[in-house]
Structures are given as structure tokens and as C-alpha cells.
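Below you'll find the structure, written out as C-alpha cells, and then a few comments.
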Amino acid sequence: MRRVRIGLGLASIFAASFAAAQSGDSSRHSGYQDMGPALQKMQDDDSANPGMLFVQAGEALWNQRTGAANKACADCHRAAAATMKGVAVRYPAIPPGTAKPVDLEGRINLCRTANQKAEPLAGESRELLALTAYLARQSRGLPIAPPDDPRLGPFREQGAELYKRRQGQLNLACATCHDANAGKKLAGVTIPQAHPDGYPVYRLEWQSLGSLKRRLRNCLVGIRAEAYAYDAPEYVLLELYLMDRAKGMKLEAPGVRP
Amino acid sequence: MRRVGLLVVVLALLAPAVRAQDELRSFMIVRDSIPESLTGTPGDATRGRAIVANRSVGLCLLCHSGPIPEERFQGNLAPSLAGAGARWSEGQLRLRIVDAARLNADTIMPPYYRLDHLHRVARLFSEKPILSAEQVEDVVAYLATLKE
């Protein structure tokens, strides 16, 4: 009898580890699950989620002609609900004809300059956040699915290295808090696992929607490190690693966070 | 008197930039402690308590809890400071604050009085330790009073 029980125990352990291997890591969870019910409700209810205002503004921009080519996104891409579904969960990616990965914001700006013949939108500008939020919204609920592009491997490894590198006067790495100590309290705040599954995110602390880049800068300032320049490649490398780490988790954008 | 003050200012401006690395006081580590005060004098426990409680100076309560009831929202990443003075001698406390990585390379505890082997420190904080030698001594003096 005891032997049967051990056998069953082992079988369930194998089953659990197989499931974990399938979905990445079964202990992974979104920052959403660390929030109180009021904030969860705010994210879930489109009429209460402040990020949806940006999504609406993004929809207007999608249909608005601009640039020397006088083209709107919609002139080529048609209905975003059909053509942009599944795009945000793939980025960062290497656009055709290039060799380096770009994030979703970077991809939008490539399209603007190459096809609309328009100026790139400034990082963290209302317009760029709105378009990004609109695109991300088309993938809400889809599993994060980094592209199977072998060229991304070395970049992703660089991102992993950055994530594990101690820096700043406080000499902390992302991994120090978000891997080794996630779930514990930093002052009164639960340290999240740092999944990029809600971006762009409406953060109450910001009273605004913001990008993952902005969030990463907040952490760098917190550990008293020199934040990378806004156009630095490090953010894309980190995002590549984080998206791979969150592979299979559902995109919540536009998320709400404290 | 005013002239003396002016002279000091002029001398300070003329003095060659002293490398911050050299500005740290030297200290000697004996086993797992720094037995001697960094300043040569004992710290002030009252000032030390204020440093520990201050979230942008000592930063201690972000990770530790401690017997400072007026500060809510204390961290739990690290052991409680309560009883630290019973668990450790002043010298042991001093080394753990100055550079805990000397005892455990993987520690989460920031090096409060070290300038080397740090990377990409923000300009505002570069070449400065987190706490001055005087502040380290004040914190040691305060923690030493936490006997239970």
C-alpha cells in the first residue's frame, strides 16, 4: 500500500513538473494577482480602466492620415482587430530587412518613418503610448509568444545578463529582488515577479499610462544606478529576456498597477 | 575671523581633487568584525535611530523590520533589527553595515561604506558611500542598544 502511495506521489510530481515545463514555471504569476480586488476590478472593467482612454486615442491615430505620404496605419493594415491581433505578444522582434531587435514602440516608429514619411513619435509621448496601447489591446488575453527566431538568442542572453548584473550604489540586480525575493515586502509593497504582461500600464503612482521602459527606469533610479538613455539598446535586451521569461502568460494590456 | 573662513574656502578650491576612494577611512577587519570605530569615537544612538528610520538615508526599514513603531510599512526581506545588539557585537555590526559582502558574496545587503566594485552608480551618488563614517558609527551605536 505504501509502495502504491509512493508511486502515485512520484507520478504526480512528474506530472506537475511536466506541466511546469510546458507552461514555463507554474509558480509564475502576474502582478495583477498581487493587487487588491479594487485595482483588479479597475483593470477588468473597460469603463473604469484609465488605460482605455489611451486605447481610444490610439484608435483615432490609427485611422488618421499623417506624414508626407499622407497615409494612415489603417490604409495599409486595415482593421487592427484582425491584422494586429497577436502582434504585441511577439515583440521585441527583428523587423524584415534589419538585424537588430526593436520593441513595439520602435516598430511603430519604423513604420511611420518608412511608410508614412512622418517624424518618429517621441518616446513616452501621449501619441506613442496611445498607439502602443491600441496595438497591445488587440492581443489582450493572448499568451506571450516570443518569435522563434534564432537571431534573437544572443540578444536575449545579453538581456538575461543585464537582469542578473548588480549595479547602482545599492549594488542590486533585477534578479536580487524579482527572482530571489519576489512576494516579500519591500517597505509595505509586495515585490512583483516583474513580468511585462500588462504594458503599457496605467500606474496610479504615475497617474498616467507608461511604457515598460519607464518602469525599468524607475527601478534603476531606486537602486541609485545611472538609468540608460531613453534610446539605449539595453531596454530592448531586457524586454526580450523578460518576454521570454513570461512566455505563455496572458497579455493584460492595458494593465493597471499601483 | 571672517578672513580665516575665506582663507579656508580659497584653500579648499585650490586643493587638488581628492579621489573619493581615498576619502574612506581605513579600517581593519578581524575575523568577522571591524573592532575599532571608523571615526575613533563612539557614535550617537539617538542620531542612529533617526538614520535607521529614514527611508532615504539609512533605507534600513525598506528591507528590515525594527522596533520603530511610528514607521509603518516595514520590509521583510531581511531579519528583524530587534535583538541585533544581542546577536552581534559592535564590531560585527560595523562590518555587516560597512560591507556585508565580505561575509556573504551573495548578500542582498548594500555595501554602506564601500566605493569599489560598484557599477553604473548614478551621478548624484557616485564616489560617495551610502553612509558617512559618522553615520555608520551612529547606526552601530543604535543597533547595539537593541538587546531584545
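Every chain is numbered from 1, with letters handed out A, B, ... down the list of sequences.
- The contact between A/Leu170 and chain B is made by backbone and side chain atoms together, counting heavy-atom distances below 4.5 Å.
- Interface remark: A/Ala173 contributes no atoms to any contact with chain B (heavy atom separation under 4.5 Å).
- Between atom CG of residue A/Leu39 and atom OH of residue A/Tyr32 there is a gap of 10.0 Å, rounded to the nearest 0.5 Å.
- In this structure, chain B has no heavy atom under 4.5 Å from any part of A/Ile223.
- The backbone N or O of A/Asn171 lies less than 3.5 Å from a partner atom in the side chain of A/Arg166, making a donor-acceptor pair.
- Side-chain atoms of A/Tyr202 and A/Leu204, non-hydrogen and from C-beta on, do get closer than 4.5 Å to each other.
- Taking chain A as the reference chain and counting heavy-atom pairs below 4.5 Å, the highest number among B/Ile130, B/Ile108, B/Asp106 is found for B/Ile130.
- Contact of the A/Tyr241 side chain with the A/Lys164 side chain is registered, since non-hydrogen atoms from C-beta on lie closer than 4.5 Å.
- There is no contact between B/Arg72 and chain A, counting heavy-atom distances below 4.5 Å.
- Contacts between residues 38-65 of chain B and chain A, counted as heavy-atom pairs separated by less than 4.5 Å, involve B/Arg55, B/Ser56, B/Leu59, B/Leu61, B/Leu62, B/Cys63.
- Inter-residue side-chain proximity for A/Asn218 and A/Arg203 is flagged as met; some heavy-atom pair is nearer than 4.5 Å.
- The closest side-chain heavy-atom distance from B/Thr107 to B/Arg96 is not below 4.5 Å.
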